[in-house]
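Report on the following structure.
Any value given below was found using the heavy atoms of this structure, including those in side chains, with hydrogens, waters and symmetry copies removed. In what follows, chains are A, B, ... by sequence order, proteins preceding strands, each numbered from 1. All figures in this text were calculated on a predicted structure; none of them were measured in a lab.
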Number of protein chains: 2
Amino acid sequence: MKSDALRGHLDALILAVLEKEPLHGYAVMQAIQVSSGGALELPTGSLYPALRRLERAGYVQGEWRMVGGRRRRTYELTKAGERALAAERAEWRDFAAVVEGVLRPGTTPA
Amino acid sequence: MKSDALRGHLDALILAVLEKEPLHGYAVMQAIQVSSGGALELPTGSLYPALRRLERAGYVQGEWRMVGGRRRRTYELTKAGERALAAERAEWRDFAAVVEGVLRPGTTPA
DNA sequence: TCTCTATATGTAGACAGTCTAGTTATCGGG
DNA sequence: CCCGATAACTAGACTGTCTACATATAGAGA
């Protein structure tokens, strides 16, 4: 996987794994890794800034918790985050359709 | 379409429209616009640097021509470019599958 | 006990590709 | 004569991702 192919789509993935249940950062990382079949091992230097960005945007809400002597910041999808996720999904569908249309060999549509 | 959703996938699109026939920059722009159903109007500030990058990489070969008093630089896909295109197509398939897997609502695979 | 791994969060700075906005130039139509 | 389409190109801004680093706890195993 090219390193920056995700550019512009990472937010969607994070919102998607937070849809089912609130997770803390490290768990988000693992959830994405699992649901991508191991293909995506996103570095913490990508994840944490993205989470803060999403929080600033009001799409997730973070809360500190102590669990077994370790501090965790658990993020929960907000209403605005749900709407953003729906928009991201629609956007992805459009984007994928466009790329596949151009990438498809042979026919050039009228 | 988010402005930088293409990030990392533009090269693939350019190589794809050059697969059928050699085109000059402006024609590449139009070909992508047409084959994307009008969704992608990529600015020349994105296109021309990308073409030069692809030429430096040896994936396309450019040649100056004069047509009706206007100079054109026509780009042709090289053998290496064909291989790169095949690789980009495979990469896109993988990428799309991964994103869709994570984005898909409901089930979290084991 | 000591060490190593996994857990857990975060920052600083590099990097690179895309975009904005601009330049130059020819041709054809109104 | 001017304007829009064609045609190519650059400088610099922008921004999101990555590399590498820093910190700290818990638990397993030697």
*If only side-chain N and O atoms of A/Tyr48 are considered, is one of them under 4.0 Å from the OP1 or OP2 phosphate oxygen of C/dT9?*
yes
*Establish, with yes or no, whether the OP1 or OP2 oxygen of C/dA8 is under 4.0 angstrom from a side-chain nitrogen or oxygen of A/Arg72.*
yes
*Does a side-chain heavy-atom distance below 4.5 Å link A/Leu23 with A/Thr74?*
no
_Any base atoms under 4.0 Å from A/Leu10, or only sugar-phosphate, or nothing? Heavy atoms, all strands._
sugar-phosphate
*Rounded distance in Å - CD (B/Glu41) to C1' (D/dA5)*: 14 Å
*Are OP1 or OP2 of D/dC18 and a side-chain N or O of A/Ser46 less than 4.0 angstrom apart?*
yes
*Return the value, rounded to whole Å, for the distance between atom CG of B/Leu13 and atom P of C/dG17.*
15 Å
*Taking the nucleotide of DNA chain D with the closest heavy atom to each, which residue, B/Pro49 or A/Leu42, is nearer the 5' end?*
B/Pro49
*Once you round it to whole Å, what is the distance between C1' of C/dT26 and CE of B/Met66?*
9 Å
_salt_bridge(A/Glu55, A/Arg73) N-O dist < 4.0 Å_ = yes
*Would you mind reading off the distance between B/Leu6 atom CG and D/dT15 atom P, rounded to a whole angstrom?*
18 Å
_Closest-nucleotide ordering on DNA chain D, the 5'-leading residue of B/Tyr75 and B/Arg70_ = B/Arg70
*Given D/dA8, is OP1 or OP2 found less than 4.0 Å from the side-chain N or O atoms of B/Tyr26?*
no
*Side-chain donor or acceptor of A/Arg7 under 3.5 Å from a matching atom on the base of D/dT17?*
no
*Could you tell me if the ring centre of A/Trp64 sits under 6.0 Å from that of A/Tyr75?*
no
*Nearest-Å distance, CZ (A/Arg52) to P (D/dT17)?*
16 Å
*So, B/Arg93 and B/Glu91, do they make that salt bridge, N to O below 4.0 Å?*
no
*Nearest nucleotide by nearest heavy atom, which residue falls closer to the 5' end of DNA chain C, B/Pro43 or A/Trp64?*
A/Trp64
_From CZ of A/Arg53 over to C1' of C/dT11, roughly how many Å is that when rounded to an integer?_
15 Å
*asked:* For a quick check of understanding: with a heavy-atom distance under 4.0 Å over all strands, which category does B/Gly45 fall into, base, sugar-phosphate or nothing?
replied: base
*Do the side-chain N or O atoms of A/Gln30 get closer than 4.0 angstrom to the phosphate oxygens (OP1, OP2) of C/dT7?*
yes
*A/Arg71 side chain N/O closer than 4.0 Å to the phosphate oxygens (OP1, OP2) of C/dA8?*
no
*Expressed in angstrom and rounded to an integer, what is the separation of A/Leu47 atom CG from D/dC18 atom P?*
10 Å
*Please answer whether the main-chain N or O of B/Tyr59 pairs with a side-chain N or O of B/Thr78 as donor and acceptor at a distance below 3.5 Å.*
yes
*asked:* I need the CG-P distance between A/Leu23 and C/dT7, as an integer number of Å.
replied: 14 Å
